[in-house]
Amino acid sequence: MTYELTVGLRYLKSRRRQTFISLITLISVGGVAVGVMVLIVVLAVMSGFETSLKDKILGINSHIWILPQTPGRLEDYQDIVTRVAALPHVTFAAPFTTHEVMLVAEGHVAGTIVRGIDPGRTDQMAELSRHMHGQELRPLLEPPRPPDGPPASPAASRGIVLGKELARHLLVFPGQQVMVTSPLGVLTPAGIMPNMRGFTVTGTFDTGMYEYDAKLALLSLHQAQDFFELGDAVHGIEVKVDNIYRVREVAEAISGLLGPAFWTRDWTQMNRNLFAALRQEKVLMFIILVLIILVAAFNIVSTLIMLVMEKHADIAILKAMGARNASIYKIFMLEGMIIGVVGTVLGGLGGLVFAWNLQTIAGVVERLLGIQFFSPEVYFLDKLPVQIHSVDVALIVLTAICVSFFATLYPAWNASRLDPGVALRYE
């Protein structure tokens, strides 16, 4: 251990006449620790929120949509599905329909989106079945017919799967019926009449994202085609890829394969504003919370300035014994860095522990205070997500140490310029 570090460590020890300086030192360490801890926790929550939101969106939606240039019916889609599925990085392609409808059940009404999907696509069913709590989705969309006994009612042979929150809003359970009403209507001799048909709720899904659980219902593709009189046409083709960050590359390959009659939309385009806002908010929160560390840095500056004033005689004696200006500079710089590093380490450990247990802590506080911090109606998700990125933690630690380092420069430079003769004149 060099003598500069030894002297710096001794100056940090509490003495009777330096109690106030020692208190300021502890406050400085605590300020750095709190700043680092808050930064880690906040960025972990924001990273978790972004990742969880992305997983929820891509868990129920596809990575790429293929749509005809002229909106409406897409004929002869089977050949397109086969050609697109053969492209590199494409895991599956499947036809779909989407419609805005009104659901009515026991006097309760809800506007929703009904998506028609092909139950024969086992790869697509496997993706969606993850939200069915262990149930298979295909039998729910195509209820089996009774082998004997009286024939089932038409509604009993038509299954519809609702989001958990949508079923809760309508107060329906599996086995009950809902009336699906299309605003487009059908042409009859009496004029345009609303298109209405009864369906049996065969199950519910739970994505964990309130927006989907409250506004989405699933039908089998042939039921949707029959109800909305599409014939053998669909609205588009959904595609999933093996790497969500290669969607632009795959979308360009699809456009080149199908030509100008079709256009594509990938998940980054459909949710561009949302994820751009999340990234921007994360950067702004980092900049704002760094101010906490800057406040702690001012405490380090004041601590070192007061310590330099207290140690005038000690500095003069060290210079008289042959200590160079660089050594005096190093003593006080090391002292400030020790404060910053200790605070950073304590804050880093505290932030990691707090972030790992944040869900439990939030649950305890909600039960004690009887409030809800994280409402799914507002934040889309049903629980507080946390994801710690090593890059974020490293950036926070590096920022805290750099701020602490710059906080030591002026007090250390001021101490190194001290004239021994002037300092010892009144001693």
Side-chain angles (χ1 to χ4, degrees), residues 57-101 112-129 136-142 157-161 180 182-184 186 195 197 199 205 212 216-244 246-271:
I57 291 175
L58 298 182
I60 198 71
N61 280 333
S62 295
H63 302 155
I64 302 173
W65 279 13
I66 303 175
L67 303 169
Q69 285 286 359
T70 302
R73 301 156 59 94
L74 175 58
E75 308 280 357
D76 301 325
Y77 59 87
Q78 294 291 357
D79 177 61
I80 299 175
V81 168
T82 303
R83 293 164 62 192
V84 170
L87 290 174
H89 307 295
V90 174
T91 57
F92 78 78
F96 73 93
T97 64
T98 181
H99 319 266
E100 294 183 5
V101 300
T112 187
I113 302 295
V114 169
R115 183 180 300 175
I117 57 177
D118 187 357
R121 306 279 175 174
T122 56
D123 42 14
Q124 185 183 28
M125 293 300 102
E127 286 284 326
L128 295 173
S129 293
E136 291 293 332
L137 183 57
R138 181 172 184 176
L140 301 180
L141 295 176
E142 295 182 332
S157 63
R158 298 190 290 262
I160 186 171
V161 179
V180 180
S182 171
L184 298 179
V186 291
N195 189 8
R197 187 173 297 180
F199 288 82
F205 60 85
Y212 290 143
L216 183 63
L218 301 176
L219 285 178
S220 64
L221 184 63
H222 72 274
Q223 291 283 5
Q225 289 172 328
D226 178 56
F227 179 59
F228 296 100
E229 300 181 347
L230 291 174
D232 192 34
V234 296
H235 287 152
I237 297 171
E238 54 183 350
V239 179
K240 287 213 170 184
V241 299
D242 54 7
N243 187 341
I244 63 174
R246 305 189 72 162
V247 289
R248 293 289 180 88
E249 174 187 339
V250 177
E252 291 176 359
I254 292 173
S255 298
L257 176 69
L258 301 181
F262 298 89
W263 63 290
T264 60
R265 291 185 66 192
D266 59 63
W267 69 271
T268 61
Q269 294 171 329
M270 290 185 281
N271 304 280

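FYI, the numbering just counts along the sequence from 1.
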Can you name the closest pair of heavy atoms from [X] and [Y] and give their distance?
X    : Y    : answer
P95  : V81  : CD-CG2, 4.2 Å
T264 : S255 : OG1-OG, 3.7 Å
V247 : H63  : CG1-CB, 3.9 Å
A93  : V84  : CB-CG1, 4.1 Å
I160 : A217 : CD1-CB, 4.0 Å

Spacing of [X] atom [atom1] and [Y] atom [atom2] [to the nearest 0.5 Å]:
X    : Y    : atom1 : atom2 : answer
I237 : Q78  : CD1   : CD    : 8.5 Å
R248 : I64  : CZ    : CD1   : 10.0 Å
R115 : H235 : CZ    : NE2   : 13.0 Å
D118 : Y77  : CG    : OH    : 6.5 Å
I80  : I254 : CD1   : CD1   : 11.0 Å
F262 : I66  : CZ    : CD1   : 8.0 Å

Exercise. Would you call F96 and L221 a side-chain contact if the rule is heavy atoms closer than 4.5 Å?
Worked result: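 F96 does not reach L221 side chain to side chain.
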For this session: Name all pairs fulfilling the salt bridge (Lys or Arg N to Asp or Glu O under 4.0 Å) condition that reach into residues 80-100, sequence neighbours left out, sorted by first residue then second.
Result: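 Pairs touching residues 80-100 that pass the test: D79-R83.
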Exercise. Can you list the steps and then say if W65 with V239 is a side chain to side chain contact (heavy atoms under 4.5 Å, CB included)?
Worked result: CA-CA 6 Å; W65 279 13; V239 179; over 6 Å; no
For this session: Any chance you could lay out the side chain to side chain contact (heavy atoms under 4.5 Å, CB included) test for R197 and V180, step after step, and finish with the verdict?
Result: CA-CA 5 Å; R197 187 173 297 180; V180 180; 5.5 Å; no
For this session: Determine, step by step, whether K240 and T91 satisfy the side chain to side chain contact (heavy atoms under 4.5 Å, CB included) criterion, reporting the C-alpha distance in whole Å, the side-chain angles of both residues, the deciding distance to 0.1 Å, and the verdict.
Result: CA-CA 6 Å; K240 287 213 170 184; T91 57; 3.5 Å; yes
For this session: Could you list the residues that satisfy ring pair (Phe, Tyr, Trp, His ring centres under 6.0 Å) with F228, not counting sequence neighbours?
Result: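 Partners of F228 by the ring pair (Phe, Tyr, Trp, His ring centres under 6.0 Å) criterion, ordered by chain and then number, come out as H99.
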For this session: Kindly indicate, with the supporting measurements, whether the criterion side chain to side chain contact (heavy atoms under 4.5 Å, CB included) is fulfilled by S182 and F227.
Result: CA-CA 9 Å; S182 171; F227 179 59; 4.2 Å; yes
Problem set entry | Q225 side chain vs A233 backbone, donor-acceptor pair below 3.5 Å |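 The answer is yes, because a donor-acceptor pair under 3.5 Å joins these two groups.
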Exercise. Q223 side chain to S220 main-chain N or O, any donor-acceptor pair under 3.5 Å?
Worked result: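 Answer holds: no.
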